[in-house]
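Read the structure below first, then the notes.
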Number of protein chains: 2
Amino acid sequence: MTADEQQVPSVWARLDRGRREQQSLSQEQIVAAAVRLLDTEGLEALSMRNLGKRLNAGATSLYRHVASKDELLELVADEIYGELDVPPPPTEPGQWREATVAFAHSVRAMILRHPWIASVLGAAGMSYLGPNLMRITDQMLGVYEAAGFSLGEGNAVMSTVLAYVTGVTISEAAWVTMLARRGQTDQDWFERLWPIAQEAMKPYPRLSRLYAAGVDHDPQRTRDEGFDYGLGKVLDGFAATRA
Amino acid sequence: MTADEQQVPSVWARLDRGRREQQSLSQEQIVAAAVRLLDTEGLEALSMRNLGKRLNAGATSLYRHVASKDELLELVADEIYGELDVPPPPTEPGQWREATVAFAHSVRAMILRHPWIASVLGAAGMSYLGPNLMRITDQMLGVYEAAGFSLGEGNAVMSTVLAYVTGVTISEAAWVTMLARRGQTDQDWFERLWPIAQEAMKPYPRLSRLYAAGVDHDPQRTRDEGFDYGLGKVLDGFAATRA
DNA sequence: CCTCGATGCGTACAGTGTTCGCAAGAAGCG
DNA sequence: CGCTTCTTGCGAACACTGTACGCATCGAGG
């Protein structure tokens with residue numbers, strides 16, 4: 001690199017460096033690039049030097065727009081919260097339930113699109129003050145308000161459902177990143193490690209019986225159905241007091 | 001160290017090194033020391049060199065008993081699952097509910113005792129094959145079996161409740177570690193950052209209204225009550241189909 | 001034109017996980 | 001007892017990490 005710079009007349013180097021297309025480096029660009037890097041290569045590939053390389057920038061240049069890696073992760077988390085679809089406020093009170101189901105599916109899909117978020121959540125929590133998260137929370141409260149819930153009741157429904165969804169989906173996300181890191185699929189794993197798992201389960205008769213049955217189904221569908229089933233029960237609990 | 005070894009007759013050094021009290025280094029010791037270190041100093045303080053120091057051992061010695069840091073974290077996760085209290089199988093079918101509540105409280109207390117687990121969960125998932133987790137899962141399935149649930153139904157209740165509990169508690173854990181890292185208490189935070197938070201919430205009227213009310217209560221009680229309320233709703237959902 | 005604040009970045013530092021090879025003791029075996 | 005083999009601890013080294021600092025270079029404002 002330094003050899004090139006001295007070999008070429010320095011004017012070119014200056015022109016090339018000084019004003020890249022667009023404004024060279026901005027916080028939004030950095031965050032967007034970080035999300036792309038995380039999606040394609042996973043959490044452990046996100047280093048400041050790696051990220052700088054993607055932006056044709058030096059590692060330390062990023063610190064002009066982002067205070068630290070931790071702060072970058074908070075920004076990144078809120079960035080992907082912006083992908084969530086908030087259903088429109090219902091016109092009839094009974095529609096709170098399908099709106100909640102739609103929102104829950106949106107959250108699950110978002111986490112599975114960005115499974116690394118599972119590892120970030122434990123450190124950053126929900127970054128409660130992120131603008132996207134605030135906007136979405138407020139809009140969802142509006143949904144429940146339109147359905148006739150009080151603010152506290154609406155918040156209870158939303159929080160409970162969100163806890164359930166993240167709880168389920170973090171496990172799923174951890175599973176898919178584990179598979180991705182080994183370059184395996186669900187089927188690969190079952191074929192290769194199932195005998196070992198079955199052997200390990202031998203001292204536990206109920207576990208053995210439970211998983212002996214469900215091995216032939218495809219696991220993706222099983223996860224989807226399990227998610228919807230549990231979600232339905234949670235909503236049943238709130239629907240009961242509503243009626 | 002090297003200076004001491006040459007200064008002192010080498011016999012002492014050999015005696016001291018060869019057989020320390022107990023058997024010097026074992027996987028259980030390493031895991032237990034790791035849990036202690038994580039509890040007292042947090043996740044970012046867990047490095048192999050630091051852990052080695054605690055055990056009067058070199059960093060690389062640990063690799064004789066543990067394949068990698070990732071594996072150590074899996075072992076550590078299963079270790080603390082061993083602290084969970086599984087309620088005894090109920091004698092009457094209706095008691096599944098209070099048994100589930102007791103288990104949920106045990107899980108929440110365990111996570112709050114070891115809040116760093118929130119950051120580990122996203123990477124390791126539940127290490128489904130860990131012996132402690134298997135034992136506990138099997139015992140809980142036994143609880144539901146004794147209450148008259150089918151194996152699949154019991155698993156559904158347990159999974160849903162566990163998802164809810166971990167979802168809620170991971171957020172709480174992230175919160176307390178954030179406070180701990182800054183050496184603050186709940187009250188500190190509210191006194192110092194509340195005006196800023198309130199200002200940030202201004203564009204979101206429902207959020208503002210929601211949190212404007214609950215500022216005078218003590219947040220610990222609020223979290224406890226919110227947890228129990230949501231848990232009750234989840235159990236209501238399952239109780240409904242049961243009756 | 002000249003100054004000034006903002007921006008990019010090379011260097012450096014302390015620390016990380018992990019590999020490798022060596023030494024020293026334990027254990028099996030004659 | 002001796003001899004060999006196996007296990008265990010560890011120092012040195014490697015490739016990397018996040019980040020502080022100071023120096024260049026730039027566009028904008030006087």
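In what follows, chains carry the letters A, B, and so on, assigned in the order in which the sequence lines appear, proteins first and then strands, with residues in each chain numbered from 1. For the numbers below, each heavy atom of this structure counts, side chains included, while hydrogens, waters and symmetry mates do not.
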Would you kindly give the [atom1]-to-[atom2] distance between [X] and [N], to the nearest whole Å?
X	N	atom1	atom2	value
A:Met48	C:dC13	CE	P	21 Å
A:Leu51	D:dT19	CG	P	12 Å
A:Lys53	C:dG8	NZ	C1'	17 Å
B:Glu71	C:dG17	CD	C1'	14 Å
B:Asp70	C:dT18	CG	C1'	12 Å
B:Lys69	D:dC16	NZ	C1'	14 Å
B:Gln27	D:dT8	CD	P	12 Å
B:Leu72	C:dG17	CG	P	10 Å

With a 3.5 Å cut-off and just heavy-atom distances, do the side chain of B:Arg49 and the base of C:dG17 make a donor-acceptor pair?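 Between C:dG17 and B:Arg49, which were checked side chain against base, a qualifying N/O pair under 3.5 Å is present.
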Mind checking whether A:Trp194 and A:Tyr211 have parallel, tilted or perpendicular rings, split at 30° and 60°?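 Perpendicular: the ring planes of A:Trp194 and A:Tyr211 meet at over 60°.
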Look at the aromatic rings of B:Trp175 and B:Trp189 and report parallel, tilted or perpendicular, splitting at 30° and 60°.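 Ring orientation of B:Trp175 relative to B:Trp189: perpendicular.
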Please check if atom CZ in B:Arg113 has more than 12 non-hydrogen atoms from other residues, nucleotides or ligands closer than 6.0 Å.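 Above 12, so yes.
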Step through the shown structure and confirm whether more than 12 heavy atoms of other residues, nucleotides or ligands are within 6.0 Å of CZ on A:Arg192.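 No - once you tally the heavy atoms of other residues, nucleotides and ligands closer than 6.0 Å, there are 12 at most.
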Ignoring backbone atoms, establish whether A:His65 has a side-chain N or O less than 4.0 Å from OP1 or OP2 of C:dA6.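 Negative; the distance criterion is not met.
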Taking 4.0 Å as the cut-off, does a side-chain nitrogen or oxygen of B:Ser61 come that near to OP1 or OP2 on D:dT8?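 No.
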Base, sugar-phosphate or nothing for [X]? Non-hydrogen atoms, less than 4.0 Å.
X	answer
B:Leu62	nothing
B:Ala59	nothing
B:Leu46	sugar-phosphate

A:Phe227 and A:Val168: which non-hydrogen atoms are nearest, and at how many Å?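 That would be CD1-CG1, 3.9 Å.
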When you compare the side chains of A:Glu83 and A:His114, does any donor N or O come within less than 3.5 Å of an acceptor on the partner?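 Yes, because at least one side-chain N or O of A:Glu83 sits under 3.5 Å from a partner of the opposite role on A:His114.
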Between the protein and nucleotides 20-23 of chain D, which nitrogen or oxygen pairs come in under 3.5 angstrom?
from   : atom 1 : to      : atom 2 : distance (Å)
D:dG22 : O6     : A:Arg64 : NH2    : 3.4

Has the side chain of B:Ser106 got a donor or acceptor atom that lies under 3.5 Å from a matching backbone atom of B:Asp85?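 Yes; at least one donor-acceptor contact below 3.5 Å.
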